[in-house]
Amino acid sequence: MFLPEYKAYYEKLILQSDKFIQTHCMAKGSVEKVLSGKKDVNFLNDYRYYAFTKCTKSLMGIVKLLEMGNYEDALILCRTMMECYLSQRYFDDKFDDSTLYDMVVIPMGLNSGVFVLKDGVLRKRDGEQLTYNMRSPDDLSLGKDKNYFVDMYRFLCEIAHCNFSQASAFLDDGNRFVLYTEVNRESANLFPLFVFSKIFENVVLLEYVQFDDPEEEAEDVELLKDLTVFLYDRLHAMCDSLEKEKISVNHSLRETARNAMNSLKEQLGRVDKAFVSALAKQYEKTPLEKTMIPALLTSDKPSEFFEELRQNRKFSARFPELAALIGVEQNPAYHSEGDVWTHTMQALDRAAKFRDRVSDPYAFMLLVLTHDFGKSLCTKADENGVIRSVGHETAGVQPAAKFLKRVTNNDRIKEYVLEMLPLHMKPILYAADRSRQSATDGLFASVKHPADLIYMAKADKELSEEDEAFLWDRYGLYMKTVR
C-alpha cells in the first residue's frame, strides 16, 4: 500500500521537478569536446541536470511500484537513484580534468566503442593502454552522506541481489511464497523520498540557480522545508520502532535512520538548515517516554508494563489520567471485561498485534492508551440504571492533552492523538449501521491517516469479520477518489 502521507510528498516533488526540468534543464556542453578529453565547463551543468532528470524519472517509476505494493522493486530503483545522487554531488564538488575523464569520458568512450575494456585492462582501439580511476559509490559519498551511506547502501543491495537472507519479504506466515508482503513497506516509502530530497536540494536549490518566477522558487523552498520536517519525523519514528533491536538488519536500519536524520542538518543549497537543529529538540524524550516506549513498541503485551506500574505507590501521582480509569464501570452489554482500566489494557494488547501497520506506531499506541480518558469524566447510570458514557470521545481531549504534554515533546504526536481521539468511535458505529459512503468518506477525509482509524476500531473492539470488511471496503473506495 502506498502510505497516503508519503504519496502527497511524492506528487509534489514530481510536479515541482517537472517544472524545473522544463524551465532550466538544457544541455549546453559539447559531447565531442568531452570525448576528446578536453574540459568543458558547460558540461558540469549538463551532468547535474542529466542526473536530476534521471532521478525524477526513477521517482515516477517508484510511485507506480509503491501503488502496486512492489516495495522491494521500489527499493531497487532507490539504489540506482542513490548512486545517481552521489555521482552528481561528487561531480559538482570534485569537478576537474580527472573527474571528467573517469566519470564521463571513459564511460562514454566504452559505450561508443572508442575504448575497449578486456580482462580488466582499458585500451584504445589502436591498443594503447589507458589508466583511470574506477570510483565506487563509497568513494563518491561526501559530507554527512558518509554517515548513513554504508548501512543504507548495504540494505538496498541486499534487496536488489538474490540474497536469501531477504526471503521474508516473499513469504507469508505459513512460509508459502507470495508476491505481496508488508515487510519493507515503511522503508520503501521512506528511503526513496529521503534520497530524492538530497538531489532536489543539491540541484534545484543551488545558490546560483536563477528562477524567473519568484513564486516557483518560494514553492520549492517551502516544499524542501516541509519535506525535511516530515522526513526527520518519519526517520525518528523508525528509530523508535527499532529501539530495542540489537542484531541483524533491524539494528543496521536503526543506525541508518539515525544517521540519515543527522544528515538532514547539512545544507546543500540555498535553504538555511538551522531549523532542523531546532526541530531536534522536539524529539528529546521525556523521562516518562523513556520508560513507556519499549513497552508500547516492542512488547507483545504492553498491559504488563502498566499493570506493574499500577502497583507502584507513585502511580496515581505520575499518571493521574490513567489512574482515574480504575474502577470506572462500563455497560456489561458491550464491555463484559469490566472497568475502563481493564478495557484499555486489553485494547493495548490487541493494538500490539498490528501496530507495525499504522502510519506511526508510537503515536498510535498513545492514542489507544488515551482513547477512553473521557469516560472518567462522563460515565453515569441513566434513569433505568444503564451505564452510559455519552460524549466521552470529546470529553477525553482535555485530559489526553494534559497527559501528552507530560509524556512527549513532539508536537506532531500530540496533534495526531488529539485529531483522532474524538473520532475513535465513529468507525465502529458506521460499520454497525452500514452507513452511507458519503458518511465514511467524510470521516476518512477529516484525518491525515484514515486507515489508522480502522486500526483504532480493531484495538477498541474485536470487530466481526463483516464489520472489518465493510470498513476496509469503504476505505478502498475512498482512496480511489483521492488518487
- Aromatic centroids of Phe444 and Trp472 separated by under 6.0 Å: no
- Item | Shortest non-hydrogen contact between Leu421 and Gly396, atoms and distance | CD2-C, 4.0 Å
- Task: Decide if the gap between the ring center of Tyr148 and the ring center of Phe194 is smaller than 6.0 angstrom.
- Result: yes
- Evaluate the criterion side-chain contact (heavy atoms from CB on, under 4.5 Å) for residue pair Leu171 and Thr181; output intermediate values, then yes/no. CA-CA 7 Å; Leu171 294 169; Thr181 68; over 6 Å; no
- Mutual orientation of the aromatic rings belonging to Phe211 and Phe20 [parallel < 30°, tilted 30-60°, perpendicular > 60°]: tilted
- Query: Partners of Ala439 by side-chain contact (heavy atoms from CB on, under 4.5 Å), sequence neighbours excluded?
  - Reply: Tyr430, Ser435
- Run the salt-bridge test on Arg412 and Glu415 with the 4.0 Å N-O cut-off and return the result as yes or no. no
- So how far is it from Glu393 CD to Asp372 CG, rounded to the nearest 0.5 Å? 8.5 Å
- Item | Phe403 and Phe319 aromatic ring geometry - parallel, tilted or perpendicular at 30°/60° bounds | tilted
- Query: Does Phe52 have its ring centroid less than 6.0 Å away from the ring centroid of Phe196?
  - Reply: yes
- Message: Consider salt bridge (Lys or Arg N to Asp or Glu O under 4.0 Å). Of Glu266, Glu83, Glu201, which one does Arg89 pass it with?
- Response: Glu266
- First locate atom CZ of Arg310, then atom CH2 of Trp341, and finally report the distance between them rounded to the nearest 0.5 Å. 6.0 Å
- Item | Residue pairs involving residues 314-339 (criterion salt bridge (Lys or Arg N to Asp or Glu O under 4.0 Å); sequence neighbours excluded) | Glu321-Arg406
- Message: I need the Leu453 CG to Asp460 CG distance, nearest 0.5 Å.
- Response: 11.5 Å
- Query: Are side-chain N/O atoms of Asn410 and Tyr362 paired as donor and acceptor at under 3.5 Å?
  - Reply: no
- Message: A cation-pi test, strictly: NZ or CZ of Lys146 under 6.0 Å from the centre of the six-membered ring of Phe149 and no more than 45 degrees from its axis. Yes or no?
- Response: no
- Run the numbers on Met456 and Met420 for side-chain contact (heavy atoms from CB on, under 4.5 Å), then give the verdict. CA-CA 9 Å; Met456 178 63 234; Met420 304 282 275; 5.7 Å; no
- Interatomic spacing from CD1 in Ile21 to OG1 in Thr56 - rounded to 0.5 Å: 4.0 Å
- Message: Any salt bridge linking Asp360 with Arg234? Criterion: basic side-chain nitrogen under 4.0 Å from a carboxylate oxygen.
- Response: yes
- Distance-only polar pair, side chains of Gln16 and Asp220, donor-acceptor under 3.5 Å: yes
- Message: Ignoring hydrogens and geometry beyond distance, is a side-chain donor-acceptor pair present between Ser252 and Asp151 at under 3.5 Å?
- Response: no
- Message: So Phe191 and Asn184, do their side chains get closer than 4.5 Å, heavy atoms only?
- Response: no
- Just how far is it from atom NZ of Lys198 to atom CD of Gln88, taken to the nearest 0.5 Å? 12.5 Å
- Message: Distance alone, cut at 3.5 Å: any donor-acceptor contact between the side chains of Tyr283 and Glu289?
- Response: no
- Distance, nearest 0.5 Å, that separates NZ of Lys458 from CG of Asp467: 11.5 Å
- Provide the closest heavy-atom pair for Ser168 versus Val183 in the form atom of the first, atom of the second, distance. O-CG2, 3.5 Å
- Query: Do Glu284 and Lys281 sit within salt-bridge range, that is, some charged N less than 4.0 Å from a carboxylate O?
  - Reply: no
- Message: Applying salt bridge (Lys or Arg N to Asp or Glu O under 4.0 Å) as the test, list every pair that has at least one member in residues 55-64; sequence neighbours left out.
- Response: none
